[in-house]
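Here's the structure, in structure tokens; my notes come after.
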Amino acid sequence: MPQTLASGIAYADLKFEERANIIAACFLQDASGVAIVDPGPSSCLPALEDALRQRGGSIDDVHTVLLTHIHLDHAGAAGSLVRRNARIHVFVHEVGAPHMIDPSRFLNSARRLYGDAMGALFGEFVPVPAANVTSLSGGETIPLASRRLEVAYTPGHASHHVTYFDPESRIAFVGDTAGIRQGQSGFVLPPLAPPDINLELWEASIARILEWEPKTIFLTHFGPYDDVRPHFAELQENFAVTSRIVKDTLAATATDGERAATFAQKVMQLMRSRMPAADADAYALAGPLEHNWIGLARYWRKKEGAARSA
Ligand SMILES: [Zn+2]
């Protein structure tokens, strides 16, 4: 059953991989229908439809899809939804928009990361017709009946990441910019999959989100949190912790595969020291820990390469 966040705003668990609390989608109801923030992957469409049905509606009532970014676990179902209801309008950052219209290059690079598991994990990725797409650059206001959502460009996790803010409820829909948080531990894991990880840009995006002074941040992985500043402080602390582990692996003699495995093992150890094992496993389900090594190592290698050649 969808959970209410504020008047006209709710979220549902998309039961990714039959697990609770891995991927959430948000619903913003108004007189003309429903806007969905991050509809999730196509593999979760049955759960998304169930949630709409429990709210007394269906895909026919959806008029808008607001994507925080185009990663499969957030945006994968957008094209499938538009195929079912051509009235749906998809908002997405201008860097991501071309890939929603022609996903071939983006899907090839995702396949390098996920291999043969990609289809089973995320399902189909249907292109969105260009006529259904509106590109955002940040700074816009999106009118949805009586509601006006503000948009900020928030790169760092992805170069095509935006955050939506509802000034009335003071909820910020932060996608992956506020990391992954599960259970009661308060541990906030940065999702660090390649190829766009940039910690400086990410820090600036956090500052931008805090300018709104949100009452609540809503994380795709997973749910609403009101302790906004301590939450981001914990995320920033874990930028440092994960960076230290990555730098240690880069200094050691090993293959990248071995380095990624060492990183995954150390982060898992750290999480298991802070929470029950089932919670720690849930963090890894929202994004394989080895991918975090690939993304963060790419960032540090580029940065230190640039420093050396300067
Ligand atoms: Zn994600």
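In each ligand, atom 1 is the first atom listed, and ligand 1 is the first ligand listed. Just so it is clear, the structure is predicted and the values come from calculations on it, not from any experiment.
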Carboxylate-amine/guanidinium proximity below 4.0 Å for Asp61 and Arg53 | no
Would a distance-only check, ignoring hydrogens and angles, find a side-chain to backbone donor-acceptor pair under 3.5 Å from Ser185 to Phe187?
-> yes
Within 45 degrees of the axis of the six-membered ring of Trp212 and under 6.0 Å from its centre: does Arg208 put its NZ or CZ there?
-> yes
Determine the sole option in His74, His69, His93 for which the side-chain contact (heavy atoms from CB on, under 4.5 Å) test with His161 is passed.
-> His69
For the residue pair Phe218 and Tyr225, is the inter-centroid distance of their aromatic rings smaller than 6.0 Å?
-> no
Verify side-chain contact (heavy atoms from CB on, under 4.5 Å) between Met118 and Leu121, making sure each step is shown before the conclusion.
-> CA-CA 5 Å; Met118 190 169 96; Leu121 279 172; 5.9 Å; no
Taking 2.8 Å as the upper limit, name the protein N, O or S atoms near the Zn ion (ligand 1).
-> Asp73 OD2, His74 NE2, Asp176 OD2, His221 NE2
